Every structure is written in C-alpha cells, then in structure tokens.
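Everything below concerns the one structure shown next.
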Amino acid sequence: MLQPKQRKYKKEHRGKMRGLSYTGSDLAYGDYGIQSLEKAWIKAREIEAARKTIVNYTTRKGKLWIKVFPHKPYTKKSDEVVRGSGKGDVSMYVAVVKPGRVMFELGGLPEEVAKEALKLATAKLSVRTRIISKDQLN
C-alpha cells in the first residue's frame with residue numbers, strides 16, 4: 001500500500017478542493033491515461049487495486065506510470081469511543097484529486113489492450129473518470 005515514509009506532522013487539516021487541476025492534466029509519459037472528471041479523495045487501496053488490475057490485464061507488458069500519491073492522512077475514531085477528546089488516529093492515506101488530473105498513464109501497448117485495461121481500472125476508482133489518448137489531445 002502506498003503511504004509516506006515519514007511526515008513532519010502526523011495529522012493534517014481537511015483542506016479545500018476548489019478549482020481545476022492545471023499541473024498534471026496532460027499526458028506526459030504514456031499514450032493513454034485515466035483523467036478525473038470530479039474532485040475527490042482517492043484512497044491508497046483504490047490506487048493499488050487499479051494498478052493491480054492494469055498490470056494483470058496487460059500481463060506486465062508496456063509501461064505504467066502512477067501520477068498520484070496518497071500524501072494526506074485520513075483520521076477516524078473507532079465506533080466505541082465517546083465523542084470529543086481530540087482527533088482520531090490515522091487510519092489510511094488519501095490522494096487529493098481535482099477535475100482534470102491524470103492519475104494513470106499507460107504506454108507501449110496496442111490501443112485496444114490499453115483502453116480495455118484502463119476501463120477495468122476505472123471501475124476500481126470512486127471518482128468519475130474518462131480515458132484519454134495522445135491523439136485526442138493533439
């Protein structure tokens with residue numbers, strides 16, 4: 001599972017997810033990619049599930065780039081604890097994704113294989129996405 005090796009502070013404020021993603025909104029490495037259409041927190045488990053799906057479908061041919069990383073700690077209190085007495089423990093890490101952000105890129109594969117692999121991976125993500133290609137952007 002992806003998570004930071006160390007952090008200066010253990011817990012973090014929730015923050016705002018306003019606006020569009022300008023950096024990371026183009027295909028930089030591969031020929032095909034998954035682009036987010038809405039803002040969300042993507043869990044590290046979802047990123048790993050999508051990665052496994054792509055790798056499994058492509059039988060480890062081609063090259064995969066994961067362009068999001070879960071830096072943000074997500075805290076949760078257990079159900080039995082009385083409310084109050086501060087913030088809960090870190091339960092997982094999430095990646096903040098804004099509309100337009102390219103999350104995965106895939107290259108070195110035929111078009112139909114790449115698009116089918118990315119289509120299967122989008123089912124693992126909790127955000128509306130679309131599959132983009134270099135041909136569309138040019």
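Model, not experiment: these values are computed from the prediction. Only this structure's heavy atoms are used, side chains among them; waters, hydrogens and symmetry mates stay out.
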Distance, nearest 0.5 Å, that separates OH of Tyr32 from CG of Leu106
9.5 Å
Contact summary for Ser133 and Leu27, nearest pair of heavy atoms
C-CD1, 3.6 Å
For the atom pair CZ (Phe104) and CD1 (Ile47), what is the distance rounded to the nearest 0.5 Å?
6.0 Å
Approximate separation, where rounding is to 0.5 Å, of Ser25 OG and Lys98 NZ
11.5 Å
Could you walk me through whether Met103 and Lys67 pass side chain to side chain contact (heavy atoms under 4.5 Å, CB included), step by step?
CA-CA 5 Å; Met103 295 183 278; Lys67 295 186 63 188; over 6 Å; no
Got a sec, which residues hit side-chain contact (heavy atoms from CB on, under 4.5 Å) with Glu12, two or more places apart in sequence or on another chain?
Arg7, Lys72, Pro73
Is the number of heavy atoms from other residues, nucleotides or ligands under 6.0 Å of Lys52 NZ greater than 12?
no
Who are the side-chain contact (heavy atoms from CB on, under 4.5 Å) partners of Pro99, not counting sequence neighbours?
Leu20, Lys39
Evaluation steps, side chain to side chain contact (heavy atoms under 4.5 Å, CB included), between Ile42 and Leu125
CA-CA 7 Å; Ile42 305 295; Leu125 300 170; 4.2 Å; yes
Could you check whether the rings of Trp41 and Tyr74 sit parallel, tilted or perpendicular, using 30° and 60° as the cut-offs?
perpendicular
Minimal non-hydrogen separation, Lys134 against Gly30, with atom names:
CE-O, 3.3 Å
For a quick check under 3.5 Å, do Ser126 and Glu46 share a side-chain donor-acceptor pair by atom type?
yes
To the nearest 0.5 angstrom, please state how far the CD1 atom of Ile132 sits from the CG atom of Asp26.
7.5 Å
For Val55, what residues pass the side-chain contact (heavy atoms from CB on, under 4.5 Å) criterion, not counting sequence neighbours?
Arg51, Arg60, Leu64
With respect to Val97, which candidate in Thr129, Val68, Val102 satisfies the side-chain contact (heavy atoms from CB on, under 4.5 Å) definition?
Val68
For the side-chain contact (heavy atoms from CB on, under 4.5 Å) test, which of Leu120, Leu109, Leu118 pairs with Tyr57?
Leu120
